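Input: a single structure, listed below in structure tokens.
By convention in this document, chain letters (A, B, ...) are assigned in the order of the sequence lines, proteins followed by strands, and residues within each chain are numbered from 1. Just so it is clear, the model here is predicted, and its values are computed rather than measured.
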Number of protein chains: 2
Amino acid sequence: MELSERKQKILGAVVELYIKTGEPVGSKSLLSELDMSVSSATVRNEMAELSALGLLEQPHTSAGRIPTNEGYRYYVDNLMVNRQIDESLRRHIEASFGSALTDPEKLLERAGEVLADLTGCAAVSTTPSGEGAYIRRVEAVPVGTRTVMIVLMTSTGVIKSKVARSDFDLNASVLESFYNVVKASFVGKLLSEVDTPMMQSLVASLGGDVFSLLPLMTAVSDLAQEAVHTEVMLGGQSNILHHNNYYGNTAYELLEFLRRGEPLSKLLSSASESKDVDVKIGSENPYRQLMKSSVIVSNYNIDGNRRGSIGIIGPTRIDYANLIPSVKYLTDLVGELLTQTFKEE
Amino acid sequence: MELSERKQKILGAVVELYIKTGEPVGSKSLLSELDMSVSSATVRNEMAELSALGLLEQPHTSAGRIPTNEGYRYYVDNLMVNRQIDESLRRHIEASFGSALTDPEKLLERAGEVLADLTGCAAVSTTPSGEGAYIRRVEAVPVGTRTVMIVLMTSTGVIKSKVARSDFDLNASVLESFYNVVKASFVGKLLSEVDTPMMQSLVASLGGDVFSLLPLMTAVSDLAQEAVHTEVMLGGQSNILHHNNYYGNTAYELLEFLRRGEPLSKLLSSASESKDVDVKIGSENPYRQLMKSSVIVSNYNIDGNRRGSIGIIGPTRIDYANLIPSVKYLTDLVGELLTQTFKEE
DNA sequence: CTTAGCACTCTTTGGTTGTGAGTGCTAACT
DNA sequence: AGTTAGCACTCACAACCAAAGAGTGCTAAG
């Protein structure tokens with residue numbers, strides 16, 4: 001869509017003013033913000049044309065204009081200039097990561113909280129995907145006579161552990177055969193290869209040891225499942241109540257939607273890989289509950305590979321110019337931290 | 001406070017009707033619920049006296065009565081009969097614990113979710129306290145040449161792990177001396193004994209090995225800190241929006257309060273040990289944000305020792321008769337599950 | 001002690017009426 | 001042809017008022 005320079009200036013001003021105040025913006029209040037040497041009537045004419053193009057709309061006949069989803073879209077794609085994140089804020093963010101660095105889950109949870117505080121929106125983050133990761137190591141640490149803790153480490157640095165119980169004593173010889181099986185059948189395997197058929201054929205091949213080993217094997221399989229499955233974390237839910245756009249029970253519906261991890265996970269994984277930051281505005285979102293919300297998602301990379309996402313969810317009149325760079329900055333930071341943590345083999 | 005039988009009956013009926021409908025209850029609507037052979041005027045007189053006693057109040061002059069905090073308190077202490085939890089519900093609850101049994105943190109988180117769904121309130125739960133627990137075992141599992149995962153197990157079955165990095169190669173001899181130090185200084189110690197002075201004197205005694213061992217020791221100490229510190233989990237926040245008593249931004253304030261773990265933790269730990277279930281009504285709570293809320297908390301025991309708490313937070317007109325038994329039932333169940341899981345030594 | 005009756009209070013609801021912000025249109029102006 | 005002043009029009013919103021309804025407290029009689 002081609003717009004005259006003046007139309008662009010007006011559209012941009014309407015969007016930014018509406019984002020700031022939350023009130024529909026009229027021709028006069030627009031003029032006082034915008035140093036243009038034209039009259040309000042001219043602005044009105046231009047706004048009428050922008051309405052005809054579907055970029056602005058009126059809540060009712062005699063009110064100011066607010067941007068449509070398409071209006072926001074045009075603004076984000078063509079008009080917006082990303083704000084810089086100032087240095088002191090940057091230091092503040094980096095400082096908030098304290099010592100939670102070692103555990104990826106904790107790190108991502110923290111990242112969500114930081115982003116929520118920073119943006120005043122609800123924030124979501126996913127743990128690093130296990131896709132393409134393989135099993136680096138499995139250990140069985142005895143806890144009791146019939147109890148061991150199984151620890152599984154993946155090539156992406158994720159560590160999962162679980163207690164396994166057997167109905168038989170787990171003596172040295174049982175553990176030895178456990179390690180043999182693990183070495184032969186698990187280490188080096190992709191996490192996604194550990195599935196039901198694989199387990200079945202493994203069990204079939206175990207022979208006499210099956211009864212004592214089965215609980216341990218099941219635990220390893222469970223852990224692989226857990227590790228390949230990305231977890232979705234949510235922070236700053238209460239921020240949603242701050243945005244007066246969520247009146248009535250839309251706030252409840254949104255919170256309820258955010259609680260279910262599965263649709264959230266889909267939402268995040270659908271974020272475009274090609275773009276730095278993916279912005280979905282209102283009805284561009286695939287879920288009914290998000291019709292009045294915008295979602296800003298960015299992917300973080302570990303060692304150059306896309307591994308997970310971090311994003312925020314707010315009203316469509318979210319402050320794109322400030323928050324898009326914030327999300328971008330935080331995902332990059334998380335990617336760096338994780339890469340750094342696990343680069344030592 | 002002594003009340004005539006009729007006053008008790010009336011007070012009880014007012015409380016229960018108000019809990020059910022949320023509307024102030026008047027003398028007439030009360031009569032139709034209550035099969036008493038008296039007139040509305042008599043009821044009015046009784047209600048006036050209950051008001052004078054501070055057990056009922058009126059939102060405005062010509063409205064029905066609602067219970068005061070003292071009214072609820074009298075009801076809970078003297079009038080209420082605990083409802084039974086029906087068998088099918090009981091089975092449903094037990095089924096919802098699926099396979100999350102092994103990890104206490106997961107179990108408690110799940111318990112919170114279940115309770116939130118069950119009661120329609122926000123639910124909080126704490127992980128088992130490390131107070132009185134000792135270190136049962138510490139393991140160092142090599143991950144890379146300069147990286148090990150430290151795993152700490154406590155006598156209460158909590159397992160914490162953390163990756164530790166050193167600036168030197170962690171060869172077999174370093175690990176051996178690590179295990180020696182652990183055996184001598186950590187295993188069998190109470191978690192609370194691992195504090196800064198203890199660590200300082202330990203470091204002083206390490207001698208030449210200090211540089212390679214220090215990161216590992218620090219990790220062990222961190223894990224002990226983590227294990228002794230109980231974590232507070234929150235579920236069902238969105239349920240708060242359902243209760244129309246939280247109008248305006250009281251809902252936001254409450255959510256914001258619940259987000260901060262520290263006051264929540266204090267709240268839970270202040271639950272009376274003597275009583276089965278501790279109920280705090282409105283201003284009985286020590287926090288301003290809970291003035292309009294009731295908190296129902298119960299402790300769970302592992303092997304007979306109080307280890308943590310589970311509770312719910314809702315409006316003061318919460319359904320005490322049904323929900324107190326629910327909370328009680330769930331805490332007992334959690335206690336049983338945890339005891340069972342860790343009784344094998 | 002109980003109860004019928006009644007005056008009184010206070011919220012809630014619906015209707016009416018201004019007010020003000022903002023628009024669209026027309027006609028004049030550059 | 002684009003711009004602007006002027007003006008009639010629309011519509012949400014607040015203020016105000018009246019009627020309705022629920023419920024009370026009080027009084028006097030049973």
Test item: side-chain donor near acceptor, A/E57 and A/T68, under 3.5 Å: no
Assign each of B/V38 and A/A63 the nucleotide of DNA chain C bearing its closest heavy atom; nearer the 5' end lies the nucleotide of B/V38
Could you check whether atom CZ of A/R260 has more than 12 heavy atoms from other residues, nucleotides or ligands sitting under 6.0 Å from it? no
Check against salt bridge (Lys or Arg N to Asp or Glu O under 4.0 Å), A/R73 and A/E70: CA-CA 5 Å; A/R73 171 54 59 199; A/E70 291 73 23; over 6 Å; no
Starting at CZ of B/R6 and ending at C1' of C/dT3, how long is that distance when rounded to a whole Å? 12 Å
What's the CZ-C1' distance between B/R44 and C/dC1, to the nearest Å? 16 Å
Exam field: side chain B/N82 to backbone B/I324, donor-acceptor pair closer than 3.5 Å: no
Using a 4.0 Å heavy-atom cut-off across all strands, classify B/S27 as base, sugar-phosphate, or nothing. sugar-phosphate
Identify whether any heavy atom of B/S51 sits under 4.0 Å from a base atom; if not, whether one sits that close to sugar-phosphate; answer base, sugar-phosphate or nothing. nothing
On DNA chain D, does the nearest nucleotide to B/S62 precede the nearest nucleotide to B/A41 from the 5' side, or the other way round? Give the residue. B/S62
Is B/T42 near enough to C/dT3 that one of its side-chain N or O atoms lies under 4.0 angstrom from OP1 or OP2? yes
Using chain A heavy atoms and a threshold of under 4.0 Å, write down where along DNA chain D the contacts begin and end, 5' to 3'. D/dT3 to D/dA12
Could you go step by step and tell me if B/K9 and B/E5 meet the salt bridge (Lys or Arg N to Asp or Glu O under 4.0 Å) rule? CA-CA 6 Å; B/K9 203 168 166 188; B/E5 197 176 328; over 6 Å; no
Go through the steps for B/K275 and B/D77 under the test salt bridge (Lys or Arg N to Asp or Glu O under 4.0 Å), then give the verdict. CA-CA 12 Å; B/K275 268 178 285 186; B/D77 287 346; 5.9 Å; no
